[in-house]
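One structure is given below, encoded as structure tokens.
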Number of protein chains: 2
Amino acid sequence: MNETSYHHGDLRTAMIEKGMEMINEGGLKNLSLRKLAAACGVSHAAPYSHFSGKDDLFAAIQNHITDKFVIVLNEAIKNSSETSDGLFHMGCNYVLFFVRNPKYFSFLFSRANIYLDLTGESGGYEPFAIYKKLMHQLFAETQYPEELWLKTILSHWAFVHGLASVVTMSGADTIKEWEDIIPDLLANNYFLQ
Amino acid sequence: MNETSYHHGDLRTAMIEKGMEMINEGGLKNLSLRKLAAACGVSHAAPYSHFSGKDDLFAAIQNHITDKFVIVLNEAIKNSSETSDGLFHMGCNYVLFFVRNPKYFSFLFSRANIYLDLTGESGGYEPFAIYKKLMHQLFAETQYPEELWLKTILSHWAFVHGLASVVTMSGADTIKEWEDIIPDLLANNYFLQ
DNA sequence: ACTTCATCTTGACATTGTAAAGATATCATG
DNA sequence: CATGATATCTTTACAATGTCAAGATGAAGT
């Protein structure tokens, strides 16, 4: 199935991966369904055989990026013997994922289709669910007082997610020290009082 | 200058305020320059006498929201006698502004035109600059070790900004307890270790 | 070889952003 | 008050975009 054939072969994957490329290069505003189709060498209506529309296409790209993000998060658990160590590394991996892919941040979190389930043990937006589950595990191990669970989860996640936000808004690509700063900030408590 | 006259009278302000309304109602994706113009009772090209284009118009709306945001932040200083108290209240006001205006968050921070100046004493994105300046003041008062300034600012801002993000992603309008939770989270340290 | 079906193309249309040219009212100046 | 300059708005036009419908193509199975 070469590039001159009538049928593309794997247009769905091609659209998603080309979409990720073009988001990383020119951002979102200059990316249209038709340009993406052209970049894949198909006509402007071809994507409609694989996606119900533009929203569906971009949601698929979002899911694909989220999948990679989830993989990076889960790597933190594998490489850690203790749970508390895993939480630290998951925080690092969380932020550093966006240090290495700055454009992904606003794309992932500005589409207003993400729901953070605060109450349950699982469900909701997967990266948050993973983080939450790991903290629950740590809470159980250390017999952390249950009335503080939600507050502690909120604090930790907000801090980590906020750091990712800061990184992308202060020139992630221009600051090379992030890889040293982030673990420092997560390991030590630099809050006043 | 009534609504039937050829000249609107204050189209620029009308576009900005109507734009804020429509963002709060239907979000961004359903808002076009032409719809906004129609909602203001003018032709679709009328806005071009006040804005250079769509980007300029939306930047003006963004600036207007930011102005209101800055006012809310500065109120924290007036109502506080001590600097540390002001910092606490500014954090509260920061997050609660988005509890009360959930749609503003993604609109403000997803336009990729915000730059956080980490190094200087002022300049850059104003809400961040205000927060940073207040912390510098507190550092000076308490003779806080200078090598920790940047790390402490990063931690505090990331936490506060992350909380605002969490709030908007977990249904700001459905959870009425935020106004009690946020001050609690900011006043007490619920981080592990 | 024939049929079936997924995939792709072509053509069309409404919406949108933008620019140019002209219409209208406001305002300063005499 | 008259007049011309200027700001503001309308009309018209065009290219880009998202979407749909109808038809073309070829792959896979019978």
Side-chain angles (χ1 to χ4, degrees), chain A residues 1-23 25-64 103 106-107 110-113, chain B residues 1-23 25-64 103 106-107 110-113:
Chain A
M1 188 79 61
N2 59 31
E3 67 274 3
T4 62
S5 62
Y6 191 93
H7 286 78
H8 180 282
D10 197 4
L11 181 57
R12 186 185 158 83
T13 329
M15 292 281 292
I16 289 175
E17 291 183 345
K18 206 81 183 177
M20 286 179 57
E21 266 183 46
M22 298 177 77
I23 285 174
E25 290 166 7
L28 240 192
K29 62 170 187 175
N30 290 328
L31 182 54
S32 66
L33 194 149
R34 290 170 98 110
K35 281 182 189 168
L36 233 181
C40 292
V42 295
S43 77
H44 60 264
Y48 284 82
S49 293
H50 303 274
F51 308 97
S52 69
K54 193 190 181 187
D55 269 3
D56 189 39
L57 162 63
F58 280 68
I61 298 178
Q62 192 181 20
N63 287 336
H64 196 248
K103 295 278 177 60
S106 67
F107 174 71
S110 68
R111 302 194 67 249
N113 57 351
Chain B
M1 187 78 62
N2 58 31
E3 66 274 3
T4 61
S5 62
Y6 190 94
H7 286 76
H8 180 283
D10 197 4
L11 182 56
R12 186 185 158 85
T13 326
M15 291 282 291
I16 290 176
E17 292 185 345
K18 205 79 183 177
M20 285 178 58
E21 266 183 46
M22 296 178 78
I23 286 174
E25 290 167 5
L28 239 192
K29 63 169 186 176
N30 290 328
L31 183 54
S32 66
L33 193 150
R34 290 170 98 111
K35 281 180 188 170
L36 234 182
C40 292
V42 295
S43 77
H44 60 264
Y48 283 84
S49 294
H50 303 274
F51 308 96
S52 70
K54 194 191 180 186
D55 269 3
D56 188 40
L57 162 62
F58 279 70
I61 298 178
Q62 191 182 20
N63 287 336
H64 196 247
K103 295 278 177 58
S106 66
F107 174 71
S110 67
R111 303 195 66 248
N113 56 351

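Lettering of chains follows the sequences in order, A, B, ..., and the numbering in each one begins at 1. Heavy-atom basis, side chains included; hydrogens, waters and symmetry copies ignored. This structure is a prediction, so every number in the text was calculated from the model and none was measured.
- Applying the side-chain hydrogen bond (donor to acceptor under 3.5 Å, both in side chains) rule to A:Arg12 yields no partners; only residues at least two apart in sequence or on another chain are considered.
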Could you list the protein-to-nucleotides 12-16 of chain C atom pairs, N/O on both sides, closer than 3.5 Å?
| residue | atom | partner | partner atom | Å |
| --- | --- | --- | --- | --- |
| C:dT16 | OP1 | B:Lys35 | NZ | 3.4 |

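- A search for side-chain hydrogen bond (donor to acceptor under 3.5 Å, both in side chains) contacts involving B:Thr13 returns B:Asp10, not counting sequence neighbours.
- Between A:Met15 atom CE and C:dT7 atom P there is a gap of 14 Å when expressed in whole angstrom units.
- Under the side chain to side chain contact (heavy atoms under 4.5 Å, CB included) criterion, A:Asn63 pairs with no residue at all, not counting sequence neighbours.
- Closest heavy-atom contact between B:Lys103 and B:Glu25: NZ-O, 3.4 Å.
- Nucleotide D:dG18 holds its P atom 11 Å from the CG atom of A:Leu28, rounded to whole Å.
- Remark: P of D:dC20 and CG of A:Asp56 are 12 Å apart, rounded to the nearest angstrom.
- Going from atom NZ of B:Lys29 over to atom CG of B:Leu31 covers 12.5 Å, rounded to the nearest 0.5 Å.
- Taking atom CG on A:Asp55 and atom P on D:dT19, their separation rounds to 7 Å, with Å as the unit.
- Rounded to an integer number of Å, the gap from B:Lys29 NZ to D:dT19 P is 10 Å.
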N/O donor to acceptor pairs below 3.5 angstrom from side-chain atoms of residues 34-60 of chain A, sequence neighbours left out:
| residue | atom | partner | partner atom | Å |
| --- | --- | --- | --- | --- |
| A:Lys35 | NZ | A:Asn30 | O | 3.3 |
| A:Asp56 | OD2 | A:Ser52 | N | 3.0 |

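- Interatomic distance, B:Ser110 OG to A:Leu28 CG, rounded to the nearest 0.5 Å: 9.5 Å.
- Closest of all the heavy-atom pairs between B:Met15 and B:Ile61 is O-CD1, 4.5 Å.
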Contacts under 3.5 Å, N or O only, protein and nucleotides 7-9 of chain D:
| residue | atom | partner | partner atom | Å |
| --- | --- | --- | --- | --- |
| D:dT8 | O2 | B:His7 | NE2 | 3.3 |
| D:dC9 | OP1 | B:His8 | N | 3.0 |
| D:dC9 | OP2 | B:His50 | NE2 | 2.5 |
| D:dC9 | O3' | B:Tyr6 | O | 3.4 |
| D:dC9 | O2 | B:Tyr6 | OH | 2.8 |

